[in-house]
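Numbers here are sequence positions counted from 1. These numbers were taken from a predicted model, which means no experiment stands behind them.
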Amino acid sequence: MSVKTIGRSQGRSATAACAYRSGARIVDEKTGQVFDYSRRGGVERPQCAIFAPNDAPAWVRDRPALWNAVEAAEVRKNSTVAREFEIALPADLDSKARQELVAQFATALVERHGMVVDASIHSPDADAAKGQGNRNHHAHVLCSTRRIEPDGFGAKVRELDNQRSGEVEHWRENFAAMCGDALERAGLPEQAARWRAGHMHKAGQLEAARARGDTAFIAENEARMPGKHFGPNIIQMERKGVETVRGEKAREPVRANAEVIDLAEARARIEGERQAEPERRGGLLDAARAASRGSSIRMLDTPGAPAAPATPAARAPELVLREWRTENDRQFAGVVAKAEKVDDYARRLLAGHERRQEAHRLQRPEVPTGLFASVKRGAYEAASKAWEQTRAAIGKRIERLGEQIDRLAGYMRRAFPWEGNQSPGERLAERLATRARPALAAEVQAARETGMAAIDGTTSANEQRQAETRAIAERDGRLAAQQDRTLAEPSQAPTLDGRTISDRMAGKTDAAGKPPQTEQEKRVAEAREKIRASREKERQEREQGKDRGRGR
């Protein structure tokens, strides 16, 4: 269950939102716009209904009149005009049970908050099998932001605006319990137990599964990775056949989770075969057990045999490292977002100081002239000193802000190939990931210590950069050694002949106007030029990388 708001500051309206969700045609009386979604597919129109208190006016049952009244009740240009609860419905329920579940949830909202609720049930999207759109039946429960009274809309429902009130968590837990009750009535106790714990985080759901002995749920979900939403823009592009990078990233957890589920199914199948194995062995195993009962010898699978200590099954290193990279990417995205906010604020502050510096420059005291210049000299010197102090203070602030912005650039980028270590943002993201997932960090450390850090042909970023640095150093060393050998072994160059020396003494030059060179001198010059060009190229790449990191 997710809770969203619909506000005018986002360029949205309650009439458009309701028309889209209910598949209806609504005319916005305020703007004259017509929102016609009467031909939209995927909306189960017979199951769309409006819920309101018993003493509400009769016009609230008319959908266009209701949401035009909602728009008219809000006068501010940035008002929040509606609130939406988007809820997922259990796939094991039939159409009637889903409708009853949505009606129960909407009625509870009305009774607790006194607002008007318009609930619309949607069927799975046609392209859900391709990973595009919702894969389950779901409902959009659109609510007014004000309480309805006999004479119209009244006060705002403020308890849902306050994130610390706990109302959203209350409704998540209540809706999970409602789903569990509906599945219980449908004769599905195992699914009901899982849905009752569905409002918890992953750790809470696994703990509840262990408490009730649901080993199948633990096997399927313990190593699963969180999924990513495609978003409406990506879905529309991929439906047209356009491949997107974001869509490919969103499919990576789906593939990893499919491998985890296959592994869980294989484990369950092996366990079932192991339990059925004694029955297939027949009388030979029974006879062996009977013979061992009267002796001190115990068979490994007979009652009374000492059980081997259970050791937790180690996860595949591929899954561990893939999950660790995903967690680091998530933490790095959060670090970048925070750093961008601070950077934006610092740049606005810097621009303000620069404008103030320019305005202060125009206020510089003028040197006194004329007959009374000597009399005004003292006042001019005092004003000039104060002006210089203010100018220096503004300049110091600008310099300090520039240094802070340069430091922030390290938190908004990844390390470049020629750098030996991670960027500050990557180091901070790794610390946050270790703090958020200590168990996963321990698994990754164990995998790296056992030499599994190079799975799938990849190595850590630090090792890659160190290898590239070593390769550059070795190349420079080879060029320098070649130059030294050329200088130290003149006997290998049979070009110190008398003709070259006589040409030099005669003042002869080549086409470029230079004196003739021996072959040894030419090789030394070429080696020096190669080293100089290589170092100049690396210097330019470093400078370009610094400029990109600053974002200027």
Row check, Tyr37 ring normal vs Arg25 NZ/CZ: under 6.0 Å, within 45°: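 Because its charged atom misses either the 6.0 Å distance or the 45° angle limit, Arg25 does not stack over Tyr37.
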
Charged tip of Arg212 within 45° of Phe217 ring normal and under 6.0 Å: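 Judged by the rule, Arg212 and Phe217 form a cation-pi pair.
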
Trace of the ring pair (Phe, Tyr, Trp, His ring centres under 6.0 Å) decision for His140 with His122: CA-CA 8 Å; His140 296 270; His122 290 191; 4.5 Å; yes

Could you grab the distance from atom [atom1] of [X] to atom [atom2] of [Y], nearest 0.5 Å is fine?
X: Trp387; Y: Gln363; atom1: CH2; atom2: CD; answer: 10.0 Å
X: Arg355; Y: Leu350; atom1: CZ; atom2: CG; answer: 10.0 Å
X: His137; Y: Leu93; atom1: NE2; atom2: CG; answer: 10.5 Å
X: Met178; Y: Trp171; atom1: CE; atom2: CH2; answer: 5.5 Å
X: Leu349; Y: Leu401; atom1: CG; atom2: CG; answer: 5.0 Å
X: Ile87; Y: Ser2; atom1: CD1; atom2: OG; answer: 10.0 Å

Steps toward side chain to side chain donor-acceptor pair (under 3.5 Å) verdict (Ser123, Glu44): CA-CA 7 Å; Ser123 57; Glu44 299 181 3; 4.7 Å; no

Residues Glu190, Asp214; criterion side chain to side chain contact (heavy atoms under 4.5 Å, CB included); working and verdict: CA-CA 8 Å; Glu190 184 180 13; Asp214 192 349; 3.7 Å; yes

Val157, Val116, Leu109 screened by side-chain contact (heavy atoms from CB on, under 4.5 Å) with Cys143, the one that passes: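 Checked Val157, Val116, Leu109 against Cys143; only one passes side-chain contact (heavy atoms from CB on, under 4.5 Å): Leu109.
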
SB check [X] [Y] (cutoff 4.0 Å):
X: Arg391; Y: Glu388; value: yes
X: Arg400; Y: Glu403; value: no
X: Arg8; Y: Glu74; value: no

Keeping [X] on the side-chain end and [Y] on the backbone end, is there a donor-acceptor pair under 3.5 Å?
X: Glu169; Y: Gly166; value: no
X: Asp343; Y: Ala339; value: no
X: Thr390; Y: Ala386; value: yes
X: Asp28; Y: Thr15; value: no
X: Arg147; Y: Lys156; value: yes
X: Ser79; Y: Val81; value: no
X: Thr107; Y: Gln104; value: no
X: Arg40; Y: Tyr20; value: yes

Just wondering, are more than 12 heavy atoms of other shown residues or ligands nearer than 6.0 Å to [atom1] in [X]?
X: Lys338; atom1: NZ; answer: no
X: Arg45; atom1: CZ; answer: yes
X: Glu354; atom1: CD; answer: yes
X: Arg210; atom1: CZ; answer: yes

Residue pair Arg361, Glu358: steps toward the salt bridge (Lys or Arg N to Asp or Glu O under 4.0 Å) verdict: CA-CA 5 Å; Arg361 184 184 66 80; Glu358 180 62 21; 2.5 Å; yes

Considering all heavy atoms of both residues, which atom of [X] and which atom of [Y] are nearest to each other, and what is their separation?
X: Gly395; Y: Gln357; answer: CA-NE2, 4.2 Å
X: Ala415; Y: Ser423; answer: CB-N, 3.6 Å
X: Trp195; Y: Gly180; answer: CB-N, 4.3 Å
X: Arg146; Y: Gly154; answer: NH1-O, 3.0 Å
X: Ala52; Y: Val60; answer: CB-CG2, 4.0 Å
X: Ala176; Y: His199; answer: CB-ND1, 3.8 Å

Verdict with reasoning, Glu426 to Phe332, per side chain to side chain contact (heavy atoms under 4.5 Å, CB included): CA-CA 6 Å; Glu426 290 174 315; Phe332 182 72; 4.0 Å; yes

Residues Trp67, Asp118; criterion side chain to side chain donor-acceptor pair (under 3.5 Å); working and verdict: CA-CA 10 Å; Trp67 293 106; Asp118 191 349; 3.2 Å; yes

A side-chain contact here means heavy atoms from C-beta on lying under 4.5 Å apart; do [X] and [Y] qualify?
X: Leu101; Y: Phe175; result: yes
X: Asn136; Y: Leu89; result: no
X: Arg158; Y: Asp161; result: yes
X: Ile394; Y: His360; result: yes
X: Thr145; Y: Met115; result: no
X: Glu340; Y: Val336; result: yes
X: Ser22; Y: Val43; result: no
X: Val335; Y: Pro424; result: no

Criterion salt bridge (Lys or Arg N to Asp or Glu O under 4.0 Å) on Glu430 and Arg325, from CA distance to verdict: CA-CA 10 Å; Glu430 190 166 356; Arg325 286 194 293 268; over 6 Å; no

Worked verdict on Lys30 versus Glu71 for salt bridge (Lys or Arg N to Asp or Glu O under 4.0 Å): CA-CA 8 Å; Lys30 185 177 180 180; Glu71 283 287 342; 5.2 Å; no

Residue pair Leu142, Phe85: steps toward the side chain to side chain contact (heavy atoms under 4.5 Å, CB included) verdict: CA-CA 7 Å; Leu142 203 62; Phe85 289 78; over 6 Å; no

Asp344 and Arg347: CA distance, side-chain angles, deciding distance, salt bridge (Lys or Arg N to Asp or Glu O under 4.0 Å) verdict: CA-CA 5 Å; Asp344 181 63; Arg347 289 183 185 278; over 6 Å; no

Verdict with supporting geometry, Thr80 and Ile6, side chain to side chain contact (heavy atoms under 4.5 Å, CB included): CA-CA 6 Å; Thr80 300; Ile6 297 170; over 6 Å; no

